[in-house]
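Because the structure is predicted, anything quoted here is derived from the model rather than measured. Chain A is the first sequence line, chain B the second, and so forth, proteins listed ahead of strands; every chain is numbered from 1.
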2 protein chains.
Amino acid sequence: MARRTQEQRKTETRTRLIDAAAELFARKGFHAVSAEAVADAADRTTGALYSHFGGKEGLLLALLEVWKQRTVERLTAEIHQLPDPAPHFAAMWEAITAPAEDRGEAWLLLEIELWQHGARDPVFGPLIARRFAEIRGQLGEGLADWAEATGTELPYAPDEAGALVLGALLGCALQHRLDPDAVPEELVVHALSTLLGLRTPGGSPPASPRTEQTPKEARP
Amino acid sequence: MARRTQEQRKTETRTRLIDAAAELFARKGFHAVSAEAVADAADRTTGALYSHFGGKEGLLLALLEVWKQRTVERLTAEIHQLPDPAPHFAAMWEAITAPAEDRGEAWLLLEIELWQHGARDPVFGPLIARRFAEIRGQLGEGLADWAEATGTELPYAPDEAGALVLGALLGCALQHRLDPDAVPEELVVHALSTLLGLRTPGGSPPASPRTEQTPKEARP
DNA sequence: GTCTATACAAAGATAGAC
DNA sequence: GTCTATCTTTGTATAGAC
């Protein structure tokens with residue numbers, strides 16, 4: 001395999017650049033990272049970057065495509081047909097908030113970074129909008145399948161359920177990122193279950209006993 | 001009042017710079033906006049900016065303080081003691097998602113911009129964390145007061161309720177921004193009510209009749 | 001396809017006049 | 001306190017060698 005070098009070096013370069021970009025864009029933000037910094041982190045040069053992607057913007061676009069697949073895997077792992085979907089919610093929550101396991105920490109940051117570009121750039125807007133729609137769709141579909149299999153009735157249409165679950169997860173993760181104690185996993189899981197009518201709102205308190213619960217505000 | 005100029009010009013400059021910064025940071029992002037652009041938009045020069053705030057970073061810090069108050073007002077308008085808090089939820093939602101009424105559109109963008117700095121910068125982190133904690137606190141307190149006054153029992157501690165409501169609002173607003181149809185107001189209001197146990201999960205469908213509800217995915 | 005070197009533009013920051 | 005002018009650094013992008 002002495003010949004592999006030439007044919008494959010280019011795809012490896014693409015991968016290296018995209019990975020480096022994901023890391024840096026998430027950690028510092030798109031505008032705060034120079035093309036050179038990305039190239040350096042990927043052990044390449046700006047020349048290679050421009051040759052492949054035409055610039056930083058093009059790199060972000062390429063990154064989006066790759067990222068899409070990883071995220072769908074991350075969030076929509078088959079919701080098994082257990083009577084209680086709580087473990088599945090917990091898994092999704094952990095996938096989003098995990099410190100660095102499989103770049104869990106960076107996931108939220110990059111996702112928000114992409115959202116921003118979508119909200120600001122007319123080119124990215126529809127792309128990101130579609131991305132979110134797909135996530136909602138997959139999420140909702142999974143829930144609908146589960147409901148049908150277990151004989152439960154969801155109080156929302158699949159897409160609506162997807163939107164609410166995704167919304168709650170994102171919004172809670174944002175807060176969790178700055179103040180983990182303020183948004184414990186049990187709270188989120190319980191809320192999601194309640195939201196979808198999978199338990200009575202008042203009944204069955206969060207999995208872990210709701211001890212005391214004195215306000216945990218940081219008061220520095 | 002010929003003398004007002006000297007004493008007050010400086011505070012007017014501060015205000016102008018902060019307002020301009022809020023507008024531009026929200027619309028383009030902190031790193032995408034130059035100090036000069038902010039100064040120009042405020043009809044001042046970079047010299048004045050540096051003299052007052054020491055730089056762009058300092059300006060962001062100052063902006064945060066001002067923004068704090070406006071947001072608390074925006075989100076925690078007294079929750080009146082009606083039996084149904086839905087109108088109040090609807091008002092909060094509109095405050096967050098309103099196109100440009102009172103800079104409603106920019107609100108979410110700037111809020112996310114601040115969150116990012118908090119998540120990335122060790123100096124901003126605690127400040128933004130505190131900010132969110134305060135919003136949660138106010139929100140939760142308002143809900144608790146309402147519950148007590150109306151004889152309702154909230155299934156969560158005040159801070160927990162605040163975290164969930166804020167989370168759902170934020171996460172839904174993020175999606176709404178890219179695809180308004182996917183997250184209609186009635187859905188969010190209904191979800192919030194359900195979440196807090198103010199109606200049975202399955203019962204009382206959203207205010208507006210849930211017509212058809214064919215998936216509204218953009219399929220460009 | 002990738003690197004080195006570099007042109008060119010923009011941004012951050014400051015000194016000194018008013 | 002504010003402006004004009006400018007210095008320095010950093011970033012984008014390209015041309016040409018390998």
Check your understanding: Near DNA chain D, under 4.0 Å by heavy atom, which residues of residues 46-56 of chain A?
Key -> A:Thr46, A:Tyr50, A:Lys56
Exercise for review: Would you mind reporting whether B:Val38 and B:Phe25 have side-chain heavy atoms less than 4.5 Å apart?
Suggested key: yes
**Study point:** From CA spacing to verdict: side chain to side chain contact (heavy atoms under 4.5 Å, CB included), A:Lys10, A:Arg14
**Key:** CA-CA 6 Å; A:Lys10 88 169 169 185; A:Arg14 277 186 69 96; 5.9 Å; no
Practice item. Measure from CZ on A:Arg16 to P on C:dG1 and round the result to the nearest Å. Key: 18 Å
Check your understanding: Hey, what's the ring geometry for A:His117 with A:Phe30, parallel, tilted or perpendicular (30° and 60° as the breaks)?
Key -> perpendicular
Exercise for review: Nearest whole angstrom, please: distance from the C1' of C:dC3 to the CG of A:Asp43.
Suggested key: 13 Å
Check your understanding: A:Thr13: what forms a side chain to side chain donor-acceptor pair (under 3.5 Å) with it, not counting sequence neighbours?
Key -> A:Arg44
Study note, to complete from the structure: What residues 28-39 of chain B contributes to the DNA chain D interface at heavy-atom separation below 4.0 Å is none
Practice item. Write down the distance between CG (B:Leu17) and P (D:dC3), rounded to a whole number of angstrom. Key: 9 Å
Study note, to complete from the structure: Hits for side chain to side chain donor-acceptor pair (under 3.5 Å) against B:Gln175, two or more places apart or cross-chain, chain-then-number order -> A:Arg136
Exercise for review: Measure the distance from CD on A:Glu57 to C1' on D:dG11 and round it to the nearest whole Å.
Suggested key: 15 Å
Review point. Roughly how many Å is it from CG in B:Asp40 to P in C:dA10, rounded to a whole number?
Key: 14 Å
Point to revise | Value in whole Å for how far the C1' atom of D:dC3 lies from NZ of B:Lys10 | key: 18 Å
Point to revise | Test salt bridge (Lys or Arg N to Asp or Glu O under 4.0 Å) applied to A:Asp121 - qualifying residues, sequence neighbours left out | key: none
Study note, to complete from the structure: Residues at least two apart in sequence or cross-chain that pass salt bridge (Lys or Arg N to Asp or Glu O under 4.0 Å) with A:Glu111, listed by chain then number, are A:Arg131
**Study point:** Check: B:Trp146 ring centre within less than 6.0 Å of B:His88 ring centre
**Key:** no
